[in-house]
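Encoded as C-alpha cells, the structure appears first; notes follow it.
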Amino acid sequence: MNRKGDKSLIVGLDIGTSKITAMVGEYSPGQELEVIGIGSHESRGMKRGVVVDIESTVQSIKHAIEEAELMAGCEIRSVYASISGSHTQCRNSPGIVPVASGEVTYQDLDNVLQAAKAVAIPSDQKILHAIPQEYIVDNSQEGIRNPVGMSGVRLEVRAHIITGALSAAANITKCVNRCGLQVDDLILSSIASSTAVLTSDEKELGVVLVDIGAGTTDIAVFVQGSIRHTASLPIAGDQVSNDIAHLLRTPTPEAEQIKVRYACALAQLATAEESIQVPSVGDRPPRRLARQALAEAVQNRYEEIFEMVQAELRRSGFEDLVRAGLVLTGGSSRMEGVVELAEEMLHMPVRVGIPQNIKGLGEVVGNPVHATGVGLLLWGSASENPRRPSLSSSKAGNLFSKLRNWYRGEF
Ligand SMILES: Nc1ncnc2c1ncn2[C@@H]1O[C@H](COP(=O)(O)OP(=O)(O)OP(=O)(O)O)[C@@H](O)[C@H]1O
Ligand SMILES: [Mg+2]
C-alpha cells in the first residue's frame, strides 16, 4: 500500500516489450481515480512480453519508478504489475458448492470460486486470475450476476481461469523486488487494457479487445458482460519494424522511426508519387523509396496479425457473438489505416480505444500506449475497494489491508 497524506495511492507498472511505464493513481473512497504521476523508460530486457534480461529490466523499472515518484511527490512501495506472453493460457471452469445456510452469502461466493480453481493445471503453470462469469442457483436460475441473499441449496459458478508460466511470473516478481518494491498482484495485460478502454455496453453486446504492442498482441473476448476468452500472440509492432529494416536494409532504430513517421497499414492510402528518404547502413548516402512499397510491407504484416486474431476468435467459439465488434489499442493501433484494414479483414466494426474512466494528465494518459497502465490502476483500485464488504482484499505484504481486516475481525 502506498499512501500520501490521507489519500491512498495505487501504482500500476506496465512491463511492456518496448517501454516500462509506472503510473501513480490517487483515490479516496467514492471518488474517481486520478493519475498524479507517470514515468516511462525504454524496456531493454523484454522479448515478446517476457523477461529475457533481469538486470536490464530492473534498470528500466527503477528509472520509470523514480520518474513517477518525482512527478507524484510520493514514495512507491508496491505495484500492480502486468504479465503477458504466449505462456499464458485460459479455460472456462465450473465450480459447485452447497449453500450452508439456505441463503447465498459472500463466503459462499469465495468458496465456489475456490472450487472452480480446483482444476488440473500443468505443474509449471500457476493461476493468475479466476474471474466469475455467472452464477447458477439450484440448477434453475441461470445467468445470475450477484446471487448474494438468494435462497437455494446449491450454488454453481462459471469462471474464467487464466494461468501463466510459474517462471515468467517469478521473473517479473524478482525484477520488481530487486527494485525494493512489493508486487500487489500480477494482472494479465489484456485484462488490464480491457478495463481501461471497453465500455460496459460493448462488453454486454459482445466485443473483442486487441492490444497490439511491440512484442505481443493481447486478445480478450467479452460476451454478455463477462470475460470469455484471452490469448497472447507473439507478433506485433516489433515485427513490423523488423520487416521495414529488412526491406530498406537500414538499422532497426531507423526503421522504427520511419515506421512511425511514414508508414500506413493500407497501401492504397499512399500515392505512387510519394517517396521517403531512407538512411543507409555505414557511410553510404541516403536513398529514396516509394512510400507505397513501405505501405505494402506494413500491410502484409498487419494482415498476418489480423489473420491470427481471426483464427484465435474462431478457435474460442465466440466469433459470431462479438456484435459490438473489435476495439484496437496498444501503440501499434496508432498506425494510419489500421482500423480500415481490420474492418475489411474481419467484417466487423472497429475502433481505436483510448483509456477512459480516469482523471488527471489527460493529454498524456489518453493514448492507446497507456491502456494497460491505466487498466492496472483501475483493476487495482477495484480490488482494494471491493463492493463486497466481507471480502478480504489482503495480499502478501499489504500491511494496510491486513490492519484493516484485523480491525474488521477478518484475520
Ligand atoms: N504512431 C505510431 N504508429 C505506428 N506504430 C506505433 C506508433 N507509436 C507507437 N507505435 C508502435 O507501438 C509499439 C509499442 O506499443 P506499446 O507501448 O503498446 O508496446 P509495449 O506495451 O511496450 O509492448 P507489449 O505490450 O507488446 O509487450 C512499437 O512497436 C511502436 O513502434
Ligand atoms: Mg503492452
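Order of listing sets the numbers, starting from 1, for every ligand and every atom in it.
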*Identify the closest protein heavy atom to atom 9 (C) of ligand 1: which residue and atom is it, and at what distance?*
Gly331 O, 3.6 Å

*Parallel, tilted or perpendicular: which fits the ring planes of His41 and His63, with parallel below 30° and perpendicular above 60°?*
parallel

_Using a 4.0 Å heavy-atom cut-off, which part of Met46 comes near ligand 1: side chain, backbone, both, or neither?_
neither

*Kindly indicate whether the side chain of Thr163, heavy atoms from C-beta on, has any atom under 4.5 Å from the side chain of Lys126.*
no

*Take Lys259 and Glu336 through the salt bridge (Lys or Arg N to Asp or Glu O under 4.0 Å) test and state the conclusion after the steps.*
CA-CA 10 Å; Lys259 176 177 87 169; Glu336 188 190 345; over 6 Å; no

*asked:* Does the residue Ser332 have a heavy-atom contact with ligand 1, meaning some pair of atoms that are separated by less than 4.0 Å?
replied: yes

*asked:* I'd like to check whether Val369 has a polar contact with ligand 1, where a contact means an N/O of the residue lying under 3.5 Å from an N/O of the ligand.
replied: no

*Run the numbers for me: atoms of ligand 1, each under 4.0 Å from some heavy atom of Gly330, listed by number.*
18 (O)

*Answer yes or no: does an N/O atom from Ser241 fall short of 3.5 Å to an N/O atom of ligand 1?*
no

*What part of Ala214, side chain, backbone, both or neither, has a heavy atom within less than 4.0 angstrom of ligand 1?*
both

*Please write down residue, atom name and distance for the protein heavy atom closest to atom 2 (C) of ligand 1.*
Arg334 CB, 3.7 Å

*Below 4.0 angstrom from a heavy atom of Ser18, which ligand 1 atoms are there? Numbered from 1 as shown, please.*
14 (C), 17 (O), 19 (O), 20 (P), 22 (O), 23 (O)

*Check the side chains of Asp218 and Ser232 for a donor-acceptor pair under 3.5 angstrom, ignoring hydrogens and angles.*
yes

*Looking only at protein heavy atoms, identify the closest one to atom 29 (O) of ligand 1 and say how far it is in Å.*
Lys259 NZ, 3.3 Å

*asked:* Among Met335, Glu336, Lys19, which one puts a heavy atom closest to atom 4 (C) of ligand 1?
replied: Met335

*Quick one: look at Glu256 and ligand 1, take heavy-atom pairs under 4.0 Å, and tell me if it's side chain, backbone, both or neither.*
side chain

_Just by distance, no angles: are the side chains of Gln133 and Asn92 close enough, under 3.5 Å, to form a donor-acceptor pair?_
yes

*Over 12 foreign heavy atoms within 6.0 Å of CD, Gln224*: no

*Closest approach of any protein heavy atom to atom 27 (O) of ligand 1, naming residue and atom*: Thr17 OG1, 2.6 Å

